[in-house]
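These numbers were taken from a predicted model, which means no experiment stands behind them. Hydrogens, waters and symmetry mates are skipped; everything else that's a heavy atom, side chains included, is used.
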Amino acid sequence: MPNTLSRFFSFLKSPSLERDKFCKYDYFKLLLFKISILCFFIVFIEVFSLDFEDEDFDYNLFKKDIFIILFGGAILFPLYEEILFRFYLSNKRGTFIFPILFSCVNIFFAVEEGFMAKIIFYSMYLLYILYLFFAFSNIKMNLKIAVFGSSLFFSVAHVFNYNLESLNFLDGLKILLAVFPQLVGGLLLCYVRIKYGLFYSFSFHAIWNFILLIVLIFIMKFIEI
């Protein structure tokens with residue numbers, strides 16, 4: 001584990017597009033690291049009695065339609081998010097096409113919904129991707145911006161999983177705490193995507209979501225909420 005994490009942190013200090021041969025031991029060590037962060041986070045919110053329950057969320061979905069929940073949460077959403085947030089982390093200029101297209105679609109639906117925060121967020125993300133696209137000739141110099149920017153946008157996107165109406169300061173703080181593990185997860189996924197390829201970042205994301213959903217389904221089925 002120490003060697004695996006040291007390589008990860010070295011990558012964050014000086015990102016490189018150099019590929020590594022896939023190592024399943026490092027892969028699952030990084031997944032274990034991500035799970036350990038979640039466990040620490042759960043202990044933290046329990047100690048400080050923080051409640052992240054969203055009143056608008058239908059928790060009964062976890063008690064029925066399990067296949068739909070798992071297929072969407074462990075396959076469709078990871079695939080969508082990997083293409084949107086990490087597809088362009090390569091040495092190929094054409095990989096920007098789908099993230100740009102997906103961002104435009106997100107802006108369109110946000111406008112249709114009248115959700116100003118989403119419109120601003122995805123517009124900023126589109127500008128960020130366009131900046132990277134036009135700076136592609138100097139991608140090595142901009143790789144650190146690409147990795148940290150992608151991870152930051154990835155984590156902030158999860159803010160929209162929560163009810164943002166009538167927020168007070170404490171609610172906002174709780175939401176920021178809730179998405180912090182996503183920032184770490186985004187950095188891990190960038191590392192896996194660049195070092196091993198998009199398929200492995202997708203599978204990493206899918207396994208992580210699958211584990212999380214199984215835990216939630218278990219809680220919803222056997223624990224009264």
Side-chain angles (χ1 to χ4, degrees), residues 1-44 70-96 98-99 102 128-129 132 136 139-158 177-218:
M1 177 73 82
N3 289 336
T4 303
L5 291 181
S6 65
R7 285 194 291 272
F8 168 62
F9 289 121
S10 295
F11 168 82
L12 295 182
K13 290 179 182 178
S14 182
S16 167
L17 287 173
E18 182 180 353
R19 284 287 186 91
D20 289 343
K21 184 178 179 180
F22 177 70
C23 176
K24 62 182 179 181
Y25 298 107
D26 284 348
Y27 180 84
F28 285 106
K29 284 176 184 177
L30 290 171
L31 186 59
L32 183 62
F33 175 60
K34 179 69 170 74
I35 293 172
S36 67
I37 291 172
L38 177 70
C39 292
F40 174 81
F41 171 72
I42 292 173
V43 171
F44 178 84
L70 289 176
F71 182 74
I75 301 295
L76 292 183
F77 281 108
L79 181 60
Y80 162 77
E81 289 180 341
E82 289 310 303
I83 293 174
L84 177 62
F85 292 108
R86 282 169 283 276
F87 193 40
Y88 53 83
L89 296 177
S90 72
N91 57 0
K92 297 179 181 179
R93 198 183 188 99
T95 55
F96 284 89
F98 284 112
F102 281 20
Y128 159 78
I129 298 175
L132 293 176
F136 183 80
I139 190 64
K140 289 185 178 179
M141 183 176 292
N142 289 281
L143 189 57
K144 181 174 284 191
I145 295 175
V147 168
F148 283 90
S150 167
S151 302
L152 181 61
F153 276 106
F154 172 72
S155 62
V156 174
H158 289 80
L177 289 171
V179 300
F180 174 75
Q182 303 297 342
L183 176 61
V184 178
L187 293 171
L188 286 168
L189 286 165
C190 285
Y191 176 76
V192 173
R193 190 271 181 268
I194 291 174
K195 292 301 179 183
Y196 301 138
L198 188 68
F199 171 78
Y200 290 105
S201 66
F202 161 69
S203 61
F204 188 100
H205 199 160
I207 292 170
W208 161 247
N209 276 19
F210 179 80
I211 293 172
L212 184 60
L213 287 170
I214 288 296
V215 172
L216 288 174
I217 289 170
F218 177 82

Asks: Please confirm whether the backbone N or O of K13 pairs with a side-chain atom of K144, one donor and one acceptor, at under 3.5 Å?
Replies: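 Looks like yes, one N/O pair under 3.5 Å.
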Asks: Any idea which heavy atoms bring P78 and G73 closest together, and the distance?
Replies: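 In terms of heavy atoms, the two residues are closest at CD-O, 3.3 Å.
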Asks: To the nearest 0.5 angstrom, please state how far the CD1 atom of I129 sits from the CG atom of L84.
Replies: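 The distance works out to 6.0 Å.
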Asks: Taking the side chain as every heavy atom from C-beta outward, state whether C190 and F85 have any atom pair closer than 4.5 Å.
Replies: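 C190 vs F85: side chains apart.
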Asks: Please examine the side chains of F8 and D26, heavy atoms only from C-beta on, and report whether any two atoms are closer than 4.5 Å.
Replies: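 No, every pair of side-chain atoms sits at 4.5 Å or beyond.
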Asks: Out of curiosity, F102 CZ to I83 CD1, how far, rounded to the nearest 0.5 Å?
Replies: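 Answer for the CZ-CD1 pair, F102 versus I83, is 4.5 Å.
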Asks: Let me confirm one number: the CG-NZ distance from L212 to K34, rounded to the nearest 0.5 Å.
Replies: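 Atom-to-atom, L212:CG and K34:NZ are 8.0 Å apart.
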Asks: With a 4.5 Å cut-off on side-chain heavy atoms, are I194 and V147 touching?
Replies: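 A side-chain contact under 4.5 Å exists here.
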Asks: Atom NZ of K92 and atom CZ of F87: how far apart are they, to the nearest 0.5 Å?
Replies: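 Between K92 NZ and F87 CZ, I get 8.5 Å after rounding to 0.5 Å.
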Asks: A side-chain contact here means heavy atoms from C-beta on lying under 4.5 Å apart; do L198 and S201 qualify?
Replies: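 Sidechains of S201 and L198: in contact.
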Asks: CD1/I37 to CD/Q182 distance, rounded to the nearest 0.5 angstrom?
Replies: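 Reported value, rounded in 0.5 Å steps: 10.5 Å.
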Asks: Using a 6.0 Å cut-off, check whether atom CZ of F98 has over 12 heavy atoms from anything other than its own residue.
Replies: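 No, not enclosed.
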Asks: Can you tell me how far CD1 of I35 sits from CD1 of I211, rounded to the nearest 0.5 angstrom?
Replies: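 Between I211 CD1 and I35 CD1, I get 4.0 Å after rounding to 0.5 Å.
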Asks: For atom CZ of F77, decide whether the heavy atoms of other residues, nucleotides or ligands shown that lie under 6.0 angstrom number more than 12.
Replies: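 No - once you tally the heavy atoms of other residues, nucleotides and ligands closer than 6.0 Å, there are 12 at most.
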Asks: Using a 4.5 Å cut-off on heavy atoms from C-beta on, say whether the side chain of L12 contacts that of Y191.
Replies: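 No, side chains not in contact.
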Asks: Could you go through T95 and L89, starting from their C-alpha distance and side-chain angles, then the distance that decides it, and tell me whether this counts as side-chain contact (heavy atoms from CB on, under 4.5 Å)?
Replies: CA-CA 8 Å; T95 55; L89 296 177; over 6 Å; no
Asks: Going by the angle between their ring planes, with limits at 30° and 60°, are Y88 and F96 parallel, tilted or perpendicular?
Replies: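 Ring orientation of Y88 relative to F96: parallel.
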Asks: Identify the residue among W208, Y196, Y27 that makes a side-chain hydrogen bond (donor to acceptor under 3.5 Å, both in side chains) with S203.
Replies: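 It is Y27, the one option of W208, Y196, Y27 that forms the side-chain hydrogen bond (donor to acceptor under 3.5 Å, both in side chains) with S203.
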Asks: Is it true that, when you exclude F210 itself, more than 12 heavy atoms of the residues, nucleotides or ligands shown sit nearer than 6.0 Å to its CZ?
Replies: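 Atom CZ in F210 is not crowded, with 12 or fewer foreign heavy atoms closer than 6.0 Å.
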Asks: Would you say L79 and I75 make side-chain contact, with heavy atoms under 4.5 Å?
Replies: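 Of all side-chain heavy-atom pairs linking I75 with L79, none is under 4.5 Å.
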Asks: Got a donor-acceptor contact below 3.5 angstrom from the S155 side chain to the L152 backbone?
Replies: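 Yes: the side chain of S155 pairs with the backbone of L152.
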Asks: Measure across Y128 and I145 and return the closest heavy-atom pair with its distance rounded to 0.1 Å.
Replies: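 Looking at all heavy atoms of both residues, the closest pair is OH-O, 3.4 Å.
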Asks: Hey, could you give me each pair passing salt bridge (charged side-chain N to carboxylate O under 4.0 Å, His left out) that has a residue in residues 79-89? Not counting sequence neighbours.
Replies: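 Salt bridge (charged side-chain N to carboxylate O under 4.0 Å, His left out) check on residues 79-89 returns E82-R86.
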Asks: The criterion is side chain to side chain donor-acceptor pair (under 3.5 Å); which residues satisfy it with N209, sequence neighbours excluded?
Replies: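 None.
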Asks: CZ of F180: more than 12 outside heavy atoms within 6.0 angstrom?
Replies: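 No - once you tally the heavy atoms of other residues, nucleotides and ligands closer than 6.0 Å, there are 12 at most.
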Asks: According to salt bridge (charged side-chain N to carboxylate O under 4.0 Å, His left out), does anything in residues 179-204 pair up with another residue at least two apart or in another chain? List the pairs.
Replies: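 Found none.
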Asks: Let me know which of Y200, F199, F28 forms a ring pair (Phe, Tyr, Trp, His ring centres under 6.0 Å) with F22.
Replies: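 One option only clears the test, and that one is Y200.
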